[in-house]
Student: 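Please read through the structure below; I'll follow up with questions.
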Amino acid sequence: MHFSKEIINWYHLNKRDLPWRNTRNPYKIWLSEIILQQTKVIQGLSYYLKFIKHFPTVQDLAQAKEGAVLKLWQGLGYYSRARNLHYSAIQIVSEFDGKFPADYATLIKLKGVGDYTASAVSSFCLNEAQPVVDGNVYRVLSRYFGVENAIDSTLGKKKFKTLANDVLDKKQPGLHNQAIMEFGALQCVPKNPECKKCPLVSSCSAYSNSTVTILPHKQKKIKQRHRYFNYFVIRHGDDTYLEKRTNKGIWENLFQFPLIETAEKLAIDKLVRLPEWDALFNNSTYKIDTVRKEIKHILSHQIIHARFFEIIIIGSFESNYLKVLLDDIDKYPVPILIGNYIEQHISSVSV
DNA sequence: AACTCGGGGAT
DNA sequence: ATCCCAGAGTT
């Protein structure tokens, strides 16, 4: 099968120079793979460099506070990756004496490491013959071999995994895996691929059948739900107040301004009548200073309609929320929705 | 098997 | 607007 040979040849001519390709350190490879899950290389690159600088070894990562890891992860999304990264680092130091595993069987047991990541790290570090199947591989294989099965169906996943294993160059699996993913990322792209420049065009099923635009197939379409978040930016002298999101769901363990979620967008006078409002400002004199224009924050499964109410407390104030100096607010990990607000309305004001 | 978890860039 | 990204965990 000349498929792998052609892909690898293409790779040598077209590959990008990326920092995690210049090492076989399993810690660094693992870190890069976690960062790159569902994340484009261009978006993850600066985070990888930050993490390597702050945490050069798995011991450094294990010794950090979770909040520090989340702060460094801020803005990258899918924060369970950061929590699991930290969790696994601690486990590796305590259970493996700090020696980072590079074999598939051990890697797959780590939190945050699934079939893709275990295959990637073990093939890159040890040349284990484990085929990677990521979004790029689904696209390349479905088009070149004309596989019609949906990539998000159980049968489809199984078939693509088998096919990926069949075409894997068992003598240089690491190189092969890098090559097929890079090929998907740069040449066999989702929209308007330049098939005329493709070295595999003459044997590509999708090209000859004019199915390039419709492959790969996907069956599920995600639906979003609307949520209405009312944040209260409390000012009391040099202080404001934050809370930690501890529930399951989005942004777990990140901080935010005190929040009242409502089922729909409410007029302010309606909001003031909610019992949560009393809990927020109980026994204090306050005034609503500013109500910012609604921000629409789009997530993959949710559309957050966020409003920021700037409250000024007059006189004394007792609260169960976390009291934070305005000057210290940048130390806390926050969702980018909150981070953008802070950047626009607090950080620039206080300096 | 279906759902949930972010944010950004390309089209 | 819609799709997708070097996927994984939970229900």
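Sequence lines set the chain letters: A, B, ... in the order given, protein chains first and strands last, and positions in each chain run from 1.
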Student: Quick one: name the residues clustered hydrophobically with A/L126, using the 4.5 Å side-chain heavy-atom rule over I, L, V, M, F, W, Y, and just say none if it's on its own.
Tutor: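 Reading the cluster by chain and number, A/L126 sits alone, since nothing else belongs.
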Student: Mind checking the C1' distance from C/dC5 to B/dG6? Whole angstroms is fine.
Tutor: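 Going atom to atom, C1' in each nucleotide, I get 12 Å.
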Student: Salt bridge or not for A/K161 and A/D115, using N-O below 4.0 Å?
Tutor: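 So A/K161 pairs with A/D115 through a salt bridge.
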Student: Expressed in whole Å, how much space separates the C1' atoms belonging to C/dA8 and B/dG9?
Tutor: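 The same atom, C1', in both gives a distance of 23 Å.
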Student: Do A/N84 and A/S88 have a side chain donor and acceptor closer than 3.5 Å?
Tutor: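 Distance-only check fails for A/N84 and A/S88.
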Student: Looking only at atom types and distance, does a side-chain atom of A/W251 sit under 3.5 Å from a main-chain N or O of A/F255, one as donor and one as acceptor?
Tutor: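 Such a contact is absent between A/W251 side chain and A/F255 backbone.
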Student: Starting from C1' on C/dC4, measure out to CG on A/N136 and report it in whole angstrom.
Tutor: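 Those two atoms, CG and C1', are 10 Å apart.
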Student: How many whole angstroms separate atom NE2 of A/H217 from atom C1' of C/dC4?
Tutor: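 That distance rounds to 17 Å.
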Student: Between C1' on C/dC3 and CD1 on A/I214, what's the gap in Å once rounded to a whole number?
Tutor: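 After rounding, the reported distance stands at 16 Å.
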Student: Say you pick atom P in C/dA6 and the same atom in B/dC3; how far apart are they, in whole Å?
Tutor: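 To the nearest whole Å, 25 Å.
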Student: So what does A/R225 hit on the nucleic acid, given a heavy-atom distance under 4.0 Å: a base, only sugar-phosphate, or nothing?
Tutor: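 No contact at all - A/R225 keeps every heavy atom at 4.0 Å or more from the nucleic acid.
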Student: Just one of A/R292, A/R235, A/K287 clears the side-chain hydrogen bond (donor to acceptor under 3.5 Å, both in side chains) bar with A/E310, so which one?
Tutor: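 Per the side-chain hydrogen bond (donor to acceptor under 3.5 Å, both in side chains) rule, the option paired with A/E310 is A/R292, out of A/R292, A/R235, A/K287.
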Student: Considering only C/dG7, C/dC4, B/dC5, which nucleotide approaches the side chain of A/Q302 most closely?
Tutor: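 For the A/Q302 side chain, the nearest candidate turns out to be B/dC5.
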Student: Summarise protein proximity over nucleotides 6-11 of chain B in one line of letters, 5' to 3': B for base, S for sugar-phosphate only, - for none, counting protein heavy atoms closer than 4.0 Å.
Tutor: BBB--S
Student: So if I apply the salt bridge (Lys or Arg N to Asp or Glu O under 4.0 Å) rule between A/E252 and each of A/R245, A/K244, A/R81, A/R83, which one comes out positive?
Tutor: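 Considering A/R245, A/K244, A/R81, A/R83, a salt bridge (Lys or Arg N to Asp or Glu O under 4.0 Å) with A/E252 is found only for A/R83.
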Student: Only one of A/Y321, A/Y341, A/W277 passes ring-ring contact (aromatic ring centres under 6.0 Å, His included) with A/F232; say which it is.
Tutor: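 The passing option is A/W277.
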Student: In terms of side-chain heavy atoms of A/Q219, which of C/dA8, C/dA6, B/dA2 is nearest?
Tutor: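 Given the options C/dA8, C/dA6, B/dA2, the side chain of A/Q219 is closest to B/dA2.
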Student: All N/O contacts under 3.5 Å from nucleotides 9-11 of chain C to the protein, with atom names and distances to one decimal?
Tutor:
| unit_1 | atom_1 | unit_2 | atom_2 | d |
| --- | --- | --- | --- | --- |
| C/dG9 | OP1 | A/G112 | N | 2.4 |

Student: Within this structure, what is the CG-to-P distance between A/L31 and C/dA6, rounded to whole angstrom?
Tutor: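 Those two atoms, CG and P, are 16 Å apart.
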Student: When the distance from OH of A/Y138 to C1' of C/dC3 is rounded to whole Å, what number comes out?
Tutor: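 A/Y138 atom OH is separated from C/dC3 atom C1' by 17 Å.
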Student: Got a donor-acceptor contact below 3.5 angstrom from the A/D238 side chain to the A/L325 backbone?
Tutor: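 Absent.
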Student: Determine the contact category for A/D115: base if any of its heavy atoms lies under 4.0 Å from a base atom, sugar-phosphate if only primed atoms, P, OP1 or OP2 are that close, otherwise nothing.
Tutor: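 If one applies the 4.0 Å heavy-atom cut-off, A/D115 turns out to touch the sugar-phosphate alone, with no base involved.
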Student: Is A/K323 close enough and on-axis enough to A/Y241, meaning under 6.0 Å and within 45°, for cation-pi?
Tutor: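 Negative - A/K323 is either too far from the ring of A/Y241 or too far off its axis.
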Student: Assign A/W20 to base, sugar-phosphate, or nothing according to its heavy-atom contacts below 4.0 angstrom with the strands shown.
Tutor: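 Base, at least one base atom sits under 4.0 Å.
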Student: Whole angstrom is fine here: how far is it from NZ in A/K218 over to P in C/dC5?
Tutor: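 So the NZ-P distance, A/K218 to C/dC5, works out to 7 Å.
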Student: NA contact type, A/S153, heavy-atom cut-off 4.0 Å: base, sugar-phosphate, or nothing?
Tutor: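 Nothing, no nucleic acid heavy atom in range.
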Student: Going by atom types alone, do A/N9 and A/E6 pair a side-chain donor with an acceptor below 3.5 Å?
Tutor: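 Side chains of A/N9 and A/E6: no pair found under 3.5 Å.
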Student: Would you kindly give the CD-to-C1' distance between A/E33 and C/dA8, to the nearest whole Å?
Tutor: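 Between C1' of C/dA8 and CD of A/E33: 14 Å.
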Student: Can you tell me how far C1' of B/dT4 sits from CZ of A/R227, to the nearest Å?
Tutor: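 Taking atom C1' of B/dT4 as the reference, CZ of A/R227 is at 12 Å.
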